[in-house]
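All remarks here apply to the structure that follows.
The model shown is predicted, which means the values in this text are computed figures rather than measured ones.
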Amino acid sequence: MLKLHRLALCLVLTGTVLTTSSSAQATATASATSNLELFGGVSKVYTGIQGQNTSFTAGGDFILRRFAGFVPSAEVRGTYAFRKGNIAAEKNILGGIKLTREFGSVHPYVDFLAGRGSINFPNKTYGGSLYEYVSGTVLSPGGGIDFSLDSHWSAKLDFQYQRWGVPVTGSGSIYSRSVTAGVEYRFNFDSLGRRHKKTRDYKD
């Protein structure tokens, strides 16, 4: 838990430093119009029961609009454990709202996601009871930072704190944490449209 808190604190401090250094610069990547962003990465998941998973997370954001440096978007993502550990392996698919603030090439964000998830128990047991598979609702507030590398590619750091409504504890809930490092690709449809128009005008 202490290591996780330190990682989250380092993420925030890194974003603050880079935001301060880049906010005075108006970069071409910050002003580029993008409607769709796809991302993927490797996640370390602290399951909230016992043990850890190493997982793959992938998803996409559909940008709704831009105003005063803020970028709201609709997000869908999924996470699947490929190193499941010996106790519990979590997977989920979530959707919700993400709000990004653009400071030059540094884009911190917060999000709130919800969806469904399932937990597999490799040993068919947990806490003295027989379990093979349980599923339930997942609520996932979180945040992170995207670092633009050029007009299309970004590096991503992401943190999610998840409440799982599953009947494996007396309270009926478990709380897991997920830290993801990955990359993001932005599709610039406006740029493609302008390029197509220029080609058509040239042919005419």
Between [atom1] on residue [X] and [atom2] on residue [Y], distance to nearest 0.5 Å:
X	Y	atom1	atom2	answer
Asn35	Arg66	CG	CZ	7.5 Å
Glu37	Tyr185	CD	OH	11.5 Å
Tyr46	Ser176	OH	OG	12.0 Å
Ile49	Ile174	CD1	CD1	4.0 Å
Ser135	Arg116	OG	CZ	5.0 Å
Glu184	His107	CD	NE2	9.0 Å

Work out which heavy atom in [X] is nearest to a heavy atom in [Y]; give both atom names and the distance.
X	Y	answer
Tyr109	Ile145	CE2-N, 3.5 Å
Gly115	Leu94	N-CD2, 3.5 Å
Val183	Trp153	CG2-CZ3, 4.2 Å
Leu64	Ala74	CG-N, 4.2 Å

Compare all side-chain heavy atoms of [X] with those of [Y] and state whether any distance is below 4.5 angstrom.
X	Y	value
Val138	Gln160	no
Phe82	Thr54	yes
Ser148	Glu102	no
Arg186	Asp146	no
Tyr175	Trp164	no
Ile97	Phe112	no
Glu132	Asn120	no

Out of curiosity, does Leu157 fall in the hydrophobic cluster containing Phe39 (side-chain heavy atoms, cut-off under 4.5 Å, transitive links)?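 No, separate clusters.
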Quick check on the hydrophobic clustering: are Leu113 and Ile119 connected, directly or via other members, by side-chain heavy-atom contacts under 4.5 Å?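 Yes; Ile119 is reachable from Leu113 via cluster members.
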Do Arg101's NZ or CZ and the ring of Phe70 fall within the cation-pi criteria of under 6.0 Å and 45°?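 Flagged: Arg101 positioned over aromatic ring of Phe70.
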Pairs involving residues 160-169, ordered by first then second residue, that meet salt bridge (charged side-chain N to carboxylate O under 4.0 Å, His left out) (sequence neighbours left out):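 Listed once each, the pairs would be none.
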So for atom NZ, which belongs to Lys84, do other residues, nucleotides or ligands contribute more than 12 heavy atoms lying within a distance under 6.0 Å?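 12 or below, so no.
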Assess whether side-chain contact (heavy atoms from CB on, under 4.5 Å) is satisfied between Val76 and Phe62, documenting all intermediate values. CA-CA 9 Å; Val76 176; Phe62 182 79; over 6 Å; no
Report yes or no: does Ser43 contribute a side-chain atom to a donor-acceptor pair with the main-chain N or O of Val45 at less than 3.5 Å?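 Between the backbone of Val45 and the side chain of Ser43 there is no qualifying donor-acceptor contact (under 3.5 Å).
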For the side chain of Asp111 and the backbone of Gly142, is there at least one donor-acceptor N/O pair under 3.5 Å apart?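 At least one qualifying donor-acceptor pair exists.
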Could you pull out every donor-acceptor pair under 3.5 Å between side chains of residues 85-93 and any protein atom, sequence neighbours left out?
none

I want to know whether Tyr161 and Phe159 have ring centres closer than 6.0 Å.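 Not under 6.0 Å, so no.
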Is there a side-chain hydrogen bond (donor to acceptor under 3.5 Å, both in side chains) between Ser173 and Ser171? Walk through the geometry before answering. CA-CA 5 Å; Ser173 301; Ser171 66; 4.7 Å; no
Do you know which of Asn53, Thr180, Thr57 makes side chain to side chain donor-acceptor pair (under 3.5 Å) with Thr79?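 Output: one option passes, namely Thr57.
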Non-neighbouring partners of Asp61 that pass side chain to side chain donor-acceptor pair (under 3.5 Å), sequence neighbours left out: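 Here the qualifying residues are Lys98.
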